[in-house]
Amino acid sequence: QIEVLESARTGLCSQPGESERAFRARLAQLARESRDAAVDKLRAKYAPKLALLDERRRKREQMLDVQQQQASGAKLGTALSFGSALLSAFLGRSRASGNVGRAATAARGVGRSMKEANDVERAQADIAAVDEQLRALREQLESDSAAVTAENDVATDTLTPRKLSAKRSAVSVRTVVLAWAPYRADGTPAW
């Protein structure tokens, strides 16, 4: 009979004559390899989702830049329209209908400016939503990675001694050798 150690988590047994420390080191190496493969698989699973969200964020940032440019242009146009209307009114242009038209244009500019400002706020909210999705996905990846790491922890693995005895069905004879040494009956060599 020989006594080996068996891992309760993996079901692997130590080699005959292998110390517990060496067996635990071998189990730790196997667990690291298994953990690394599982984490790589998780990263590969999450990579397309992360790439998609990164692309969405990039597009939302481009949209925000466009909206901010439009909003600043609308504000500038509104300011110029108001300035023109006020300047015309103070300088006493002769036609009152022109002043009213400029004031109406300025009022429409205010509405356009407010719409553009709202568009900027919506674009910022879209970016914040995508950032939240990215954060949640990264947290999920970290959580899954931590679970895989905990699953492959050999420090908590219990090793139980197991006695193995030879069975006839488990014994195989590979080579039979017959040796002959020519000696005489009195123990002296025959040559």
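Just so we're clear, the structure is a prediction, and the values are computed from it rather than from any experiment. Throughout, numbering of the chain's residues begins at 1 and tracks the sequence.
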Taking every non-hydrogen atom, the tightest pair across [X] and [Y]:
X      : Y      : result
Pro16  : Ile2   : CG-CD1, 3.7 Å
Ala123 : Gln67  : CB-CG, 4.4 Å
Gln1   : Ser165 : CG-CB, 3.6 Å
Ala71  : Val120 : CB-CG2, 3.9 Å
Leu159 : Glu20  : CD1-CG, 3.8 Å
Glu3   : Pro161 : OE2-CB, 3.6 Å

From [X] [atom1] over to [Y] [atom2], what is the distance, rounded to the nearest 0.5 angstrom?
X      : Y      : atom1 : atom2 : value
Arg9   : Glu151 : CZ    : CD    : 8.0 Å
Leu5   : Leu12  : CG    : CG    : 12.0 Å
Gln69  : Leu64  : CD    : CG    : 10.0 Å
Gln70  : Met63  : CD    : CE    : 9.0 Å
Asp54  : Lys59  : CG    : NZ    : 12.5 Å
Ser143 : Leu42  : OG    : CG    : 10.0 Å

* To do: Without swapping roles, check the side chain of Ser34 against the backbone of Leu30 for a donor-acceptor pair under 3.5 Å.
  =>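 Flag not set: sc Ser34 to bb Leu30 has no pair under 3.5 Å.
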* To do: Taking only Lys NZ, Arg NE, NH1 and NH2, and the carboxylate oxygens of Asp or Glu, determine whether Arg138 and Asp131 approach each other closer than 4.0 Å.
  => no
* Sidechain N-carboxylate O distance under 4.0 Å for Glu139, Arg135 -> yes
* Flag yes if Val130 and Ile127 sit in one hydrophobic cluster, no otherwise; membership is Ile, Leu, Val, Met, Phe, Trp, Tyr, and two members link when side-chain heavy atoms are under 4.5 Å apart. =>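 Cluster IDs for Val130 and Ile127 differ.
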* Asked: Is there a donor in the side chain of Arg32 and an acceptor in the side chain of Gln29, or the other way round, less than 3.5 Å apart?
  -> yes
* Asked: Do the side-chain N and O atoms of Gln140 and Asp144 include a donor-acceptor pair separated by under 3.5 angstrom?
  -> yes
* Is there a side-chain contact (heavy atoms from CB on, under 4.5 Å) between Arg43 and Asp40 once you walk through the steps? -> CA-CA 5 Å; Arg43 286 189 180 132; Asp40 288 344; 4.1 Å; yes
* Got a sec: does the CZ of Arg58 have more than 12 other heavy atoms crowding it under 6.0 Å? -> yes
